[in-house]
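Below is one structure; the comments refer to it alone.
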Amino acid sequence: MKELPKIYQPQEVENEIYARWEQGGFFNPDNINSEEKYCNILPPPNANGELHIGHASGYTVMDIFGRYHRMKGEKTLLLPGKDHAGIQTQVVFEKKLKTKTGKTRQEIGRQEFYKKTYEFCLDRADYMRSQEKKIGISADWSREKFTLDPDVLKSALETFVKMHEDGLIYKGKRIINWCPRCATALSDVEVLHKDSPGKLYFIKYPLENLQANFITVATTRPETMLGDTAIAVNPKDVRFAKLVGENAILPLQNRPIPIIADQRIDLAFGTGAVKITPAHDPLDWQIGKDHKLEEIQIIDEKALITEFGGKYAGMTTHEARQEIVSDLEKLGLLEKIEEFSHAVSICERCKTTIEPLTSKQWFINVDAENYSLKEQAKKAIEENLIEIFPSNLKKILIDWFGNMRDWCISRQIWWGPQFPVWYCDKCGQEKYIVSLEKPTSCPHCGGKNLTQDENTFDTWFTSGQWAHTTLKSHGNDFEDFYPSDMMVMGRDLLFFWSSRMIMMSLYATGKVPFNNLFFTGLVLDKEGHKFSKSRGNGIDPLTVIDKFGADALRMSLIMDSAPGQNSRLYEEKIETFRNFANKLWNISRYCLTQEGFELVEKISEEEIKTPADKWILYKLHLLIEDTERLFNGKQISVVADVLKTFTWNDFADWYVEFNKIEKSQKVLGYVLDKILRLWHPFMPFITEHIWTLAQQEKLLMISTWPTSLSNNATLLDGWQYVENFKAVITTIRNVRTENKIELDKKISIVINSDNKDFSNMIKSEFQEEIIKHLKTGADLISYNQPELELGNYIKRTAGAYTIFVNLEGAIDTEKEKIKAEKEIANLENFIAGLSGRLSNQEFVSKAPAQVINQQKETLAKKQAELAELKKHLESLS
RNA sequence: GGGUGAUUAGCUCAGUUGGCUAGAGCACUUCUCUUACAAAGAAGGGGUCACUGGUUCGAGUCCAGUAUCACCCACCA
């Protein structure tokens, strides 16, 4: 038989196995013949860096489901891709450009910058693809997509055109989130709120007609007062009731501004009077609209004070604030300054403070008359057209849609697709033409000089359509696979991505993008911190794979965690799964080196010979049923857990040991065959490797998924016997350890029982061999001798049997008495509880019969045990 | 301000439909290099399932509340 190394070396086989899978061609669903289909569109990572452990975590989940469904015979597509990741990639590449060539993007120009960034992304995509393969992802690389691939992009832009026709798109001057560093508008979800200590400034505004009096307002951003166009108070506020309709004089600017009433003003906050700066605050903007106030932009896109800021023009907002506060103080208009902690808006990408300002941008009306994106999405979730794991995120998503405001989709960056919008130099910016292709002439005036809108799309506009644009770009894939079965993503993408995909795909296709939405938690380090560059605690998936193998990495990413819960990753944890892989290797190594061993797909009744065979097959039968149920509930970590228990604690610890004495090679081959299949989705490399060593024909990857044995009671009758038998062995070992008896010292055993299958045991020489060999040190075994000199023996209950171990007078009777007394107390306690329950009329009448019977059986068993123990204690004294 | 999650062994975490005396890995104690495996095997110690009530014949599991921690959302200037 083959020479197999004692220790599994994943590094030596993984690459070769992956190459064989690829050559096999079965990553491509076109090569699988089946009516049943399964599709999982993989989230495209940002093509500007490398894969991190979070990607590996999500990919592992997707690949487990993909491989499971493929083995179930379904035409399975895992569709891979990469995202151009607008702002983030631009930031990354600009830095790279600066370091490498010392140039800025402005110095090389828009076209050149775009070209170079594109090349950079393709290069990163190549590298990341190689990483994905290392993890073992069984994706169809022939279908790999990039968000800027012409066909994918065209499909996404067509949606823009359709939306425009349907009145869902508008261009308008509205207040938006502006990042001065990125120099672009951002959508609401790209803005984070960070609580930070600040100050609340109380400023006195003189009243126009009552020179001696003031109205005091409170603000955290005094510099914005330069653009104030009103003061607002709550209409119910009696303090200010008579001032409404009057004018105040805006200090420093010396402009009269009206005092207005608006119910959105909180009476309890500050002074109850609020300065209104429509151009630089979202609420003020809304109030300004409603009261038809003038908007004065006093902060520009570089966060500098504009010409409308008078003497402060050209200052940064920070400088202006200091100057203004100091000037107000000199004028005696600064009433007081209070310490005040409030939420500051910052850019999600670069953490720069956001300046709200009014700007002309493109928006999606998410609640348009013709079609409400947000209502449709909400409805789809409410009606469970998409099942969400974990389910608590369902409500969060519904609420989010409920509060969603119009989505700003234009960005002033260079990296990303430009709007398919054209302007004629004669007609100007107001009369635009929406068209995928550049029009030959202006439809309004016939002018030939047309230029394209310079804005680029929010990256989530294109990735938000990924679920259908990818499939539409390849043959009949859309018809075959849409909607996909499952989408897996980190829960940090809940609002960014899952929400947009649901809205956009519903709109573009009329159907939900996927039937199941599965969120993974964050992968944290050992101390529970996020992995981050600044913390330097990153774990590189490739390093882990190199050290422990891809299977160990995969297992450590999905085990011990529930869907949507964060989990921690650290070396010791990965090690335990490396160890498990090695265990599986050695189990297989034992099997493969057995004379006449082969993997067996099907087993016949004649081949099931021993009680141990029945026992392991029964356990296997339960395992397969559990696996099926748990996979349906998407509980993959529990699947891996029950598989591990079976493999290690049932098969390796007991069945393999039995097999050393009592050969039943068909069953051994049958069970290992099932173990390899069941483990394959989780640990594809090692299982495929062992499979190959055991047989040469086809790949494990496309072998069929095990189904449970027909529950033939007579076929497997007698399996319980082995549980009793195991108890005998464990008890003997226990007695031995307790009494510190060396293993090489032989002892004699008496086993008593009136159990019906006990006669089988007496007849079986194999059983006796097994007891002797399974580390019990038992030498002489005799049966059914009720009258024993108990002083010489230690008596124990083992399952349905009573066993006596002869220690030849070496018993520490005091110790044994204490132990027996303790055990008796414990048992009496338990029996009292149990019989109490059984005599409770309510329990007996209401609990299911099965539960009652079970407890009755247990009670009888425990009472018998107690009686034996009491006799034992008596004999000891 | 609103919301979500967590709280189970020394540590990290599972726990499926509510059902027998609550599990795993690591760590710990003792023993063993027994021809699949010391990356292992054998035996063991370690728990008021955060707290308080409720529902139920029966609660780690369902409900209400409390506490602590973590995270998310938010136009309180």
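The model shown is predicted, which means the values in this text are computed figures rather than measured ones. Letters A, B, ... are given to chains in the order of the sequence lines, protein chains preceding strands, and every chain is numbered from 1.
- Residue contacts for A:S845: at a heavy-atom cut-off of 4.0 Å it reaches no nucleic acid atom on any strand shown.
- Not one side-chain nitrogen or oxygen of A:K526 sits closer than 4.0 Å to the OP1 or OP2 atom of B:U12.
- Nucleotides B:A22 and B:C69, compared at atom C1', are 25 Å apart to the nearest Å.
- Between the side chain of A:D525 and the main chain of A:H529, a donor-acceptor pair closer than 3.5 Å is present.
- With B:A14, B:G19, B:C72 as the candidates, the nucleotide lying closest to the side chain of A:P848 is B:G19.
- As rounded to whole Å, 14 Å separates atom P of B:A36 from atom CD of A:E595.
- Nucleotide B:G18 has no partner under the Watson-Crick or G-U criteria, as no pair reaches both atom distances under 3.5 Å.
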Open item on the list: With side-chain hydrogen bond (donor to acceptor under 3.5 Å, both in side chains) as the criterion, how do A:K583 and A:T647 come out once you've worked through the C-alpha distance, each side chain's angles and the decisive distance to 0.1 Å?
Closed with: CA-CA 9 Å; A:K583 184 76 185 180; A:T647 308; over 6 Å; no

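- Partner assigned to B:G10 is B:C26, using Watson-Crick or G-U wobble distances below 3.5 angstrom.
- Straight-line distance from the CD atom of A:E628 to the C1' atom of B:U16: 14 Å, rounded to whole Å.
- Across all strands shown, B:A77 has no partner, as no Watson-Crick or G-U wobble contact with both distances under 3.5 Å is found.
- Once rounded to the nearest 0.5 Å, the distance linking CZ of A:R264 with CG of A:D290 reads 4.5 Å.
- When heavy atoms are screened at a 4.0 angstrom cut-off, A:K862 is found touching base atoms of the nucleic acid.
- Applying the 3.5 Å distance criterion, the base of B:A43 shares no donor-acceptor pair with the side chain of A:R733.
- In this structure, B:U35 forms no base pair with any nucleotide, since neither Watson-Crick nor G-U wobble geometry is met with both distances under 3.5 Å.
- No aromatic stack links A:W585 and the base of B:C37, using centre distance under 5.5 Å and interplanar angle under 30°.
- Of all nucleotides listed (B:A39, B:C37, B:C26), B:A39 comes nearest to the side chain of A:R578.
- Residue A:W648 places at least one side-chain N or O under 4.0 Å from the OP1 or OP2 atom of B:G41.
- The nucleotide whose nearest atom lies closest to any side-chain atom of A:I265 is, among B:A77, B:U16, B:C57, B:A77.
- Only the P atoms considered, B:U21 is 39 Å distant from B:A38, to the nearest whole Å.
- Rounded to a whole Å, the CD atom of A:Q855 is 8 Å from the P atom of B:C20.
- The aromatic rings of A:Y655 and A:F658 lie perpendicular to each other, with more than 60° between the two planes, well past the 30° mark.
- Contact annotation for A:T858: base contact, defined as any heavy-atom pair under 4.0 Å involving a base atom.
- A donor and an acceptor atom never sit less than 3.5 Å apart when one is taken from the side chain of A:K644 and the other from the base of B:A24.
- If you check every strand for non-hydrogen atoms under 4.0 Å, A:Y570 touches sugar and phosphate atoms only.
- Within the nucleic acid shown, A:Q841 has no heavy atom closer than 4.0 Å to any nucleic acid atom.
- The phosphate of B:G41 (OP1 or OP2) has a side-chain N or O of A:K583 nearer than 4.0 angstrom.
- Looking at the side chain of A:R629, the nearest of the listed nucleotides B:U16, B:A74, B:A77 is B:U16.
- Within the structure, a side-chain polar atom (N or O) of A:H193 is placed less than 4.0 Å from OP1 or OP2 of B:C75.
- For A:D492 and B:C73, the CG to P distance is 10 Å, given to the nearest whole Å.
- Counting distance only, with no hydrogens placed and no angle test, the side-chain atoms of A:E657 and the base atoms of B:A36 include a donor-acceptor pair under 3.5 Å.
- Partner assigned to B:C51 is B:G65, using Watson-Crick or G-U wobble distances below 3.5 angstrom.
- Here the side chain of A:E295 pairs no donor or acceptor atom with the backbone of A:P278 at under 3.5 angstrom.
- In this structure, A:N586 does not reach the B:A40 phosphate: none of its side-chain N or O atoms is under 4.0 Å from OP1 or OP2.
- For the C1' atom pair drawn from B:U56 and B:U61, the interatomic distance equals 13 Å after rounding to whole Å.
- Nucleotides B:C49 and B:G10 are separated by 13 Å at their P atoms, to the nearest Å.
- Remark: A:N826 is not in phosphate contact with B:U21, judged by side-chain N or O atoms under 4.0 Å from OP1 or OP2.
- A:R837 has no side-chain polar atom (N or O) that falls below the 4.0 Å cut-off from OP1 or OP2 of B:G58.
- Between B:G41 and B:C20, the two C1' atoms lie 30 Å apart (nearest whole Å).
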- [ ] Could you walk me through whether A:T216 and A:E335 pass the side-chain hydrogen bond (donor to acceptor under 3.5 Å, both in side chains) test, one step at a time?
- [x] CA-CA 8 Å; A:T216 305; A:E335 193 175 296; 2.9 Å; yes

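- If you check B:C71 for Watson-Crick or wobble pairing at under 3.5 angstrom, you find it paired to B:G3.
- Residue-level contact check: A:S588 touches neither bases nor backbone, having no heavy atom under 4.0 Å from any strand.
- A ring pair (Phe, Tyr, Trp, His ring centres under 6.0 Å) check over residues 558-584 of chain A, counting only residues at least two apart or in different chains, returns the pairs A:F580-A:W648, A:F580-A:W679.
- Under the Watson-Crick and G-U wobble criteria, each requiring two contacts below 3.5 Å, nucleotide B:G45 is left unpaired.
- A distance of about 15 Å separates the C1' atoms of B:G54 and B:G58, rounded to the whole Å.
- The same atom, P, is picked in B:G65 and in B:G19; the two are 25 Å apart, to the nearest Å.
- Both A:V189 and A:L630 sit near RNA chain B, but only A:L630 has its closest nucleotide nearer the 5' end.
- Side-chain atoms of A:K6 and base atoms of B:U35 include no donor and acceptor less than 3.5 Å apart.
- Contact annotation for A:N392: backbone-only contact, meaning every heavy-atom pair under 4.0 Å involves sugar-phosphate atoms and none involves a base.
- Contacts of A:A652 with the nucleic acid, taken as non-hydrogen atoms under 4.0 Å apart, include base atoms.
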Open item on the list: Let's go through A:N234 and A:D266 carefully: what are the C-alpha distance in whole Å and the side-chain angles of both, what is the deciding distance for side-chain hydrogen bond (donor to acceptor under 3.5 Å, both in side chains) to 0.1 Å, and is it a yes or a no?
Closed with: CA-CA 7 Å; A:N234 193 292; A:D266 180 358; over 6 Å; no

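- Around the NZ atom of A:K394, the shell of radius 6.0 Å holds more than 12 heavy atoms that belong to other residues, nucleotides or ligands.
- Of the P atoms belonging to B:A67 and B:C75, the separation is 27 Å, rounded to the nearest Å.
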